Visitor: 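Have a look at this one before I ask anything.
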2 protein chains.
Amino acid sequence: MARPGGRSARVQESVHTAVRELTAEVGRDALTVPLVAARAGVTPSTVYRRWGDLQELLSDVAVERLRPDTAPEDHGGLRADLTAWAEQFFDEMASPPGRAYIRDALLGDPDGTNAGQCSAYAAEQIDVVLARAAGRGEAVPDTEAVMDRVVAPVMYRILFRPDGLDAGYARRLVAGLLDASG
Amino acid sequence: MARPGGRSARVQESVHTAVRELTAEVGRDALTVPLVAARAGVTPSTVYRRWGDLQELLSDVAVERLRPDTAPEDHGGLRADLTAWAEQFFDEMASPPGRAYIRDALLGDPDGTNAGQCSAYAAEQIDVVLARAAGRGEAVPDTEAVMDRVVAPVMYRILFRPDGLDAGYARRLVAGLLDASG
DNA sequence: AGCTAAAAGCTATTGATTTGCGTTTGGACA
DNA sequence: TGTCCAAACGCAAATCAATAGCTTTTAGCT
């Protein structure tokens, strides 16, 4: 991979942009490698060589979009912070586009790198919340405990049980975790 | 769908068998619809019409393979039963073929039917364990609690954090659940 | 036994994917 | 700064998966 500004970086950028634009314009199902390549001003063989196939390309784009763009809000206390974060996490992940990104990220990911990145994003956000609470002197659960008790159930149900989910479920998971450990 | 013995059933059977055989012979990555169709003694267009594409076909086969073939063993008590079941569940799901089946089941599943089926399989097994314990007079957690506290974390880590997992993790999840609720 | 709708076979055509080869690019080293 | 090299890209031919139209077979029903 070359430095920013190099040709490789330009190609990656224009191809990713083409995927985002075309997804919005023609829909995800109508995407093809030749279509994306044409929009990006690149030959299809370039895309095939760099990404392998459409799924791996979509996986890369999906991970980009799943990266949190803002730090968790500060509501003054661990419970409020964690509840608010869990609700926002749930809303983003359970929304139709969120579900699509999750699926894409998992789909074209032979070695699990992209999926691991998604998990790392969530862990980073939780770390911020927990560190802030610890700084206030609050007793805090382990990051891994939050992953097991909140993130994992949310993601499991989104993936395996698409029906009958709402943000209240995420709230209850946080409450269950905090009430048990406190 | 026709009755067993009908042509539809025969085609489905032979195509599924062809997928299983060819997966073992040439590997999953070398599978193509024309290849499977040839082995099954069927024309490719038949496969495309019934399953749409290779991913949906693989998803169907994967769900079949994820169906538990045996009831959870009876070890005389809830903790032993649940621990043993969780270990076996973990071993099956975390093994390389298990991971491949999970991915396939999620992958080619536009409406979430197959993923829901996988979840239902686990819930059924847990129901058996819990009902048996309740019959002994033991206090038992809710099935949904087991899904949230054991199944979800296991599946999440298999999908999103492929590294550094062992059966001890599943054991600890069961212990955490039972010790908290008891 | 004959009828009908669903499912499968067949084939031509499209278009995605692969592959080989020449060209360009960006970085390294003198 | 000029030259060299390897990686990445463009181009084009060839392959093969995917689609669509039409015909034939099959299984269930009266």
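Values in this document were obtained by computation on a predicted structure and should not be read as measured data.
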Visitor: Let's see if you can work this out: which of C/dG26, C/dG9, D/dA27 has an atom nearest to the side-chain heavy atoms of B/Val42?
Guide: C/dG9
Visitor: Please determine, for the side chain of A/Thr32, which listed nucleotide (C/dA8, D/dA18, C/dA16) has the closest atom?
Guide: C/dA16
Visitor: Where the side chain of A/Arg49 is defined as all heavy atoms beyond and including C-beta, which of C/dC10, C/dT19, D/dA7 is the nearest nucleotide?
Guide: C/dT19
Visitor: Return no unless some side-chain N or O of A/Arg10 is found under 4.0 Å from OP1 or OP2 of D/dC9.
Guide: no
Visitor: For the side chain of A/Thr43, counting heavy atoms from C-beta on, which of C/dC10, C/dG26, D/dG10 is nearest?
Guide: D/dG10
Visitor: Within the structure, does a side-chain N or O atom of A/Thr46 lie under 4.0 Å from either OP1 or OP2 of D/dG10?
Guide: yes
Visitor: May I ask you to say whether A/Arg79 pairs ionically with A/Asp179, meaning some side-chain N is under 4.0 Å from a carboxylate O?
Guide: yes
Visitor: Is the base of D/dC11 touched by the side chain of A/Ser45 through a donor-acceptor pair closer than 3.5 angstrom?
Guide: yes
Visitor: Can you tell me if B/Tyr48 touches the phosphate of D/dT19, counting only side-chain N or O atoms and a distance under 4.0 Å to OP1 or OP2?
Guide: no
Visitor: Can you get from B/Val128 to B/Ile126 by hopping between Ile, Leu, Val, Met, Phe, Trp and Tyr side chains that sit under 4.5 Å apart?
Guide: no
Visitor: On the nucleotide D/dA8, are OP1 or OP2 found under 4.0 Å from the side-chain N or O atoms that A/Ser8 carries?
Guide: no
Visitor: Going by modelled atom types, is there a donor-acceptor pair between the base of D/dA27 and the side chain of B/Arg7 at under 3.5 Å?
Guide: no
